[in-house]
Each structure stands twice: as C-alpha cells, then as structure tokens.
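Working notes, structure below.
For ligands, and for the atoms within them, numbers begin at 1 and follow the listed sequence. Just so it is clear, the model here is predicted, and its values are computed rather than measured.
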Amino acid sequence: MAQELSEVSMDKLVSLCKRRGFIFQSSEIYGGLSSAWDYGPLGVELKNRIQRFWWREMTQLHDNIVGLDAAIMMHPRVWEASGHVENFTDPLVDCKQCKQRFRADQLEEEAQAEHKCPECGGELTEPRMFNLMFKTHLGPVADNGSLVYLRPETAQGIYVNFKNVHQTGRVKIPFGIAQVGKAFRNEITTKNFIFRTCEFEQMEMQFFIHPSEDGKWFEHWKEARFEYYKKLGIREKKLRFHQHGPDELAHYARIAFDIEYEFSFGWKELEGIHNRTDYDLKRHMEYSGKDLSYLDDGKKERFIPYVIETSAGLTRTVLTVLSDAYTEEEVGGEKRVVLKMHPLLAPVTVGVFPLVKKDGLAELARDIEANLREDFSTFYDQGGAIGRRYRRQDEAGTPFCLTIDYQSKEDGTVTLRYRDSMEQVRIHRDDLTGAINNAVKEYKRES
Ligand code: ATP
C-alpha cells in the first residue's frame, strides 16, 4: 500500500523537471537568464497536450467558435487604442539599501504600510508606474516611426480581426474566436519557477455577444471554464473563484472573476474571465476610423458587440498540472515520486520493458512497442532493474507500463502496470490498445 508523504514544494518540482527533462533554465551554460525557461522533451509534449486539450474543448466542441493565429507584432496604434500604452503599468518600488525591485501592490501588507523592504528591511522609494510592454523596432532604423511592441496579450489580435472573421467565417453572434500564442510582459518580479515569466503563452477565447446578454454569457463561461480544469484532471479542492474588487479591475473590465489554484506558494490566478463590454471594439473604431459594428440581419439591428473573455495561461497551466500531479508516497519502506497527471496529458502514455535483454525478449518488446506507436506515445527502456524502470516512468507521469517476460513468448500475454495504483494485470498483447484506451477514458484520480 502506498502512503502519501508530503505536498509538492517548488524546489522539488524544479529539480524533478530538470532531472526528467520537462523544463530547463534558459541559457544555462551561460549562467542562465533569469525568469526564462526552456521546455525539454517531456515538457514540450506536456505543453502541446494541454494546448490541444484546450483547443478541442474551445473550438472543436462548439459550432460557433473559430480559431485565429495573429502576429505577435502589431501596428503600434493597436496598443494606444487598447489602453495599454497608457494603463498597462505596475507600481515599481526600489529598496534604497539592497537595490532589489518589487511590485508595490504585491508586497505583504506590513511591508506596504511600513514602506520597508521585505528582504533587508531597508527604506523603499516612492512607487513609480512602470509600463510592462517590451518595445523594439521594425526595420533597420531605430526611431519613433519604427517603434513596435511585443504583444502583452493575445486578445487584441482577435479584436482587430473581428470583422475579417465574421465576414469570412460564416459565424453569427453569439460567436467566439480562439487563439493560443506567446505574450510578453516586462514583469518586475518573476519568481516561482514558470508561474510568472516575461515570455509566456496564453490561450484566449473572446466571445462576441449582444450587449443585453452579457450576464447570461458571463455566467456560462465562468462555469464552463471551471469545469474545464476538472476535466483536465486538476483536483477540485485546489480550485476556487476569486472575484475582482473595484480596485483590482483592469481598465477594460466591468466584471471579472479569476479561477485560482492553490500552489505551494498560495492561491494564485490561473485564468481570468472578464466582461470587457464593447470597450475594445469601440476604441478600435475610434482609433482606426473603421466601422466594427455588427448587423443582425434578422432583427435589422446594428450594434457593437460586447465581449466575454476567457484568458488562460498555457505555461501557467503546465505549472498547475505538474504541481497538482506531484506526489511523494512511501511504498514498501521506500519513497516513490509519481506524477499523477491525467493520462491524456502524460508525455509518454506507455512504457515498454523487456524483463531481460536476452532470449529474444528485447525483440519481442520492440515489436509490441512498434504496434502501439500507431496509437500512443511510447517509450522503450531495457536498462536496469524493472523496479527502477517503473520509478523513472512514475516520475515522468507515464500512466501505463508493460513488462514482456518469458511467458509472453509462450502465450502472447504481458504485464500491464497502472501508475497510480501500481496494480498489475496480465493481458494479451492483442487487447492492449482497447484496454489502454478504456483506461484513459475512464481515468479518475483517487487522491
Ligand atoms: P497579474 O495581475 O498576476 O499580473 P493579470 O491579471 O494581469 O496577472 P491577465 O492579464 O488576466 O493576468 O492574463 C491572463 C492569464 O495569462 C493569467 O491568468 C495567467 O494565466 C497568464 N499570465 C499573465 N501574465 C503572466 C506571466 N507573466 N507569466 C505567465 N503567465 C501569465
């Protein structure tokens, strides 16, 4: 029987991610670049699977949501219209003594009240507003005329394409546009691994509606998005809503709820659901001089749609899935580290091991693996004791492992071992695909 030992700490997660090839520090051989991370062989698989899961959930399962992939660099007027040039700022304070920088609104209450550095107790400067957008120049001459920004959110690419999509996409209001892509913010404080980084990925869906229906659609997406995280396999007890108070609301939002996850460093935002009203479309009409209103042919009514936004962090979801999955257990007096993530997200679905390399078992295992490759991502491992091979796959989150032994040669059966329960069953190789597909479909985490 397995006994759960402790919850995840960020240090343990960072070390497992490096050890197993999920996530590496960027430019590590040069000492690393702070807050930038690279996704290794397992990490990129996990990230892609989360993205695919989101895309299916937000586009494929709806007949009125379509996709878009807009450029990262956009006309600079976009960011004037959106309010980001003026308002996308955080209050920055410096410690006069140790020179560290902090976001004033993120300091603990005590440090805020006393105006003291949380690290060394030194005096802090007055807050000054700092714009989070990265600037660069398009073309060889770095002057004001060539200034462009790296987008701080993917949403604006959707708004400026609203007309293009509804005219060509054969969609009628209410309809949504979904997009996944990189966003960049020059964050003042980046810590907690990949939680807050300057370069990250967002998965956003902007849902365009008639203004009179904003309450109904806001509620709909708020609930649907919460359910999504449960489907993703995140434990419900670790999820909650947080409603933004008046002082937290972004400049474009009328009402906003965050879905939060309880990380080892506290409850933190995972996704924002916002009623952005007609703010963005109106501003783009004003700044571009183009008509972005919508004509309802049936009702003969022209209006500027409201937008309900669902904005999730892809890289932040990677951290959530890893944090939620990380489990330490005691098994037979030994510690077992296992990632209990949903099998749909696991970078490797099936580990395949010959009991020993000789007597044709390696060849047989290779043959079984080759067949499974058609349907699943597999990993072949013939190195070391079977127990150690299981442990390596536990740490990678591999939900199913197969061992091919002498009996397999006789009757074509193999041992199928389940990651979470460590239960082992004997099964014929011809039945593997069905059994694994079934187990993926039926998967429910026990603890
Ligand atoms: P905060 O107030 O914490 O800076 P925010 O409320 O500005 O964040 P949004 O603009 O609502 O965040 O962004 C939507 C989602 O994008 C967030 O819920 C988060 O998952 C992700 N996200 C935002 N900033 C970052 C970042 N710097 N690194 C990683 N993910 C981020």
Side-chain angles (χ1 to χ4, degrees), residues 10 23 26 33-37 39 43 47 50-51 54 58 79 82-84 87-92 102-107 129-134 150-159 178-206 221-222 225-226 228-229 232 234 239-245 247-263 265-276 279-280 307-324:
M10 223 19 78
I23 299 166
S26 158
L33 181 68
S34 99
S35 106
W37 301 90
Y39 290 76
K47 184 152 70 70
I50 295 172
Q51 178 177 337
W54 182 91
M58 299 305 274
W79 305 108
S82 69
H84 283 80
N87 294 317
F88 200 57
T89 51
D90 279 339
L92 166 71
F102 306 95
R103 237 174 90 173
D105 59 330
Q106 283 184 346
L107 292 174
M129 294 317 269
F130 170 78
N131 195 297
L132 272 70
M133 283 197 293
F134 280 100
L150 300 187
R151 67 180 176 198
E153 61 174 28
T154 54
Q156 297 303 324
I158 295 181
Y159 303 139
Q179 173 165 227
V180 180
K182 292 241 174 184
F184 301 83
R185 297 181 187 179
N186 204 353
E187 300 277 3
I188 296 166
T189 41
T190 52
K191 55 181 180 187
N192 294 324
F193 198 20
I194 54 169
F195 176 78
R196 186 183 299 286
T197 46
C198 292
E199 175 181 346
F200 57 99
E201 281 172 80
Q202 290 187 312
M203 304 182 288
E204 296 198 307
M205 195 281 293
Q206 311 290 327
W221 284 113
K222 185 177 145 229
R225 295 305 302 151
F226 196 89
Y228 157 88
Y229 287 103
L232 200 64
I234 307 298
L239 294 166
R240 73 174 188 195
F241 282 118
H242 163 76
Q243 179 167 16
H244 283 210
D247 53 334
E248 283 174 279
L249 278 179
H251 60 272
Y252 49 73
R254 171 177 288 181
I255 171 166
F257 273 76
D258 292 340
I259 297 175
E260 293 187 334
Y261 178 79
E262 190 180 19
F263 291 97
F265 44 93
W267 286 95
K268 299 283 175 205
E269 171 180 344
L270 187 52
E271 163 156 357
I273 298 119
H274 309 125
N275 177 355
R276 289 181 79 131
Y279 176 86
D280 300 273
V307 172
I308 305 299
E309 166 180 73
T310 72
S311 176
L314 171 55
T315 42
R316 199 171 280 184
T317 308
V318 172
L319 183 64
T320 309
V321 168
L322 288 168
S323 299
D324 204 58

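Counting only heavy atoms of the protein, atom 3 (O) of ligand 1 lies nearest to Arg196 NH2, 2.9 Å. Regarding atom 11 (O) of ligand 1, its nearest protein heavy-atom neighbour is Glu269 OE2, 3.3 Å. Residue, atom and distance of the protein heavy atom nearest to atom 28 (N) of ligand 1 are Thr197 N, 3.1 Å. Residue, atom and distance of the protein heavy atom nearest to atom 13 (O) of ligand 1 are Gln202 NE2, 3.5 Å. With respect to atom 29 (C) of ligand 1, the closest heavy atom belonging to the protein is Phe195 O, 3.2 Å. Annotation: atom 14 (C) of ligand 1 to nearest protein heavy atom, Ser311 OG, 3.0 Å. Of all protein heavy atoms, the one closest to atom 2 (O) of ligand 1 is Arg103 NH2, 3.9 Å. Here the heavy atom of the protein found nearest to atom 21 (C) of ligand 1 is Gly313 CA, 3.8 Å.
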Worked verdict on Phe193 versus Phe195 for ring pair (Phe, Tyr, Trp, His ring centres under 6.0 Å): CA-CA 6 Å; Phe193 198 20; Phe195 176 78; over 10 Å; no
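Residues Phe130 and Leu132 meet the side-chain proximity criterion, which asks for heavy atoms closer than 4.5 Å.
Between Phe200 and ligand 1, no pair of N/O atoms sits closer than 3.5 Å.
The proximity of Gln106 to ligand 1, defined as any non-hydrogen pair under 4.0 Å, does not occur for either the backbone or the side chain. With a 4.0 Å cut-off on non-hydrogen atoms, Leu270 touches ligand 1 through its backbone and not its side chain. Of the heavy atoms in His274, only side-chain atoms (C-beta onward) come closer than 4.0 Å to ligand 1.
In summary, the side chains of Glu248 and His242 do present a donor paired with an acceptor at a separation below 3.5 Å, with no hydrogens or angles considered. Between the side chains of Glu204 and Gln179, no donor-acceptor pair is found at a separation under 3.5 Å. In summary, the side chains of Tyr279 and Arg254 do not present any donor paired with an acceptor at a separation below 3.5 Å, with no hydrogens or angles considered.
The cationic group of Lys268 does not satisfy the cation-pi geometry with Phe263, failing either the under 6.0 Å distance to the six-membered ring centre or the 45° limit from the ring axis. Lys182 forms no cation-pi arrangement with Phe200, by the criterion of a distance under 6.0 Å to the ring centre and an angle within 45° of the ring axis.
By the side chain to side chain donor-acceptor pair (under 3.5 Å) test, Asp90 is found to be paired with Arg103, residues two or more places apart in sequence or in another chain being considered. Applying the salt bridge (charged side-chain N to carboxylate O under 4.0 Å, His left out) test to Glu271 and every residue at least two apart in sequence or in another chain returns Arg225.
Every atom of ligand 1 with a heavy atom of Glu187 under 4.0 Å away is listed here by number and element: 24 (N), 26 (C), 27 (N).
Taking 4.0 Å as the cut-off between side-chain N and carboxylate O, Arg185 and Glu199 do not count as a salt-bridged pair.
Across Glu199, Glu271, Arg185, heavy-atom proximity to atom 9 (P) of ligand 1 is greatest for Arg185.
Put simply, no part of Glu153 is less than 4.0 Å from ligand 1, judged by heavy atoms.
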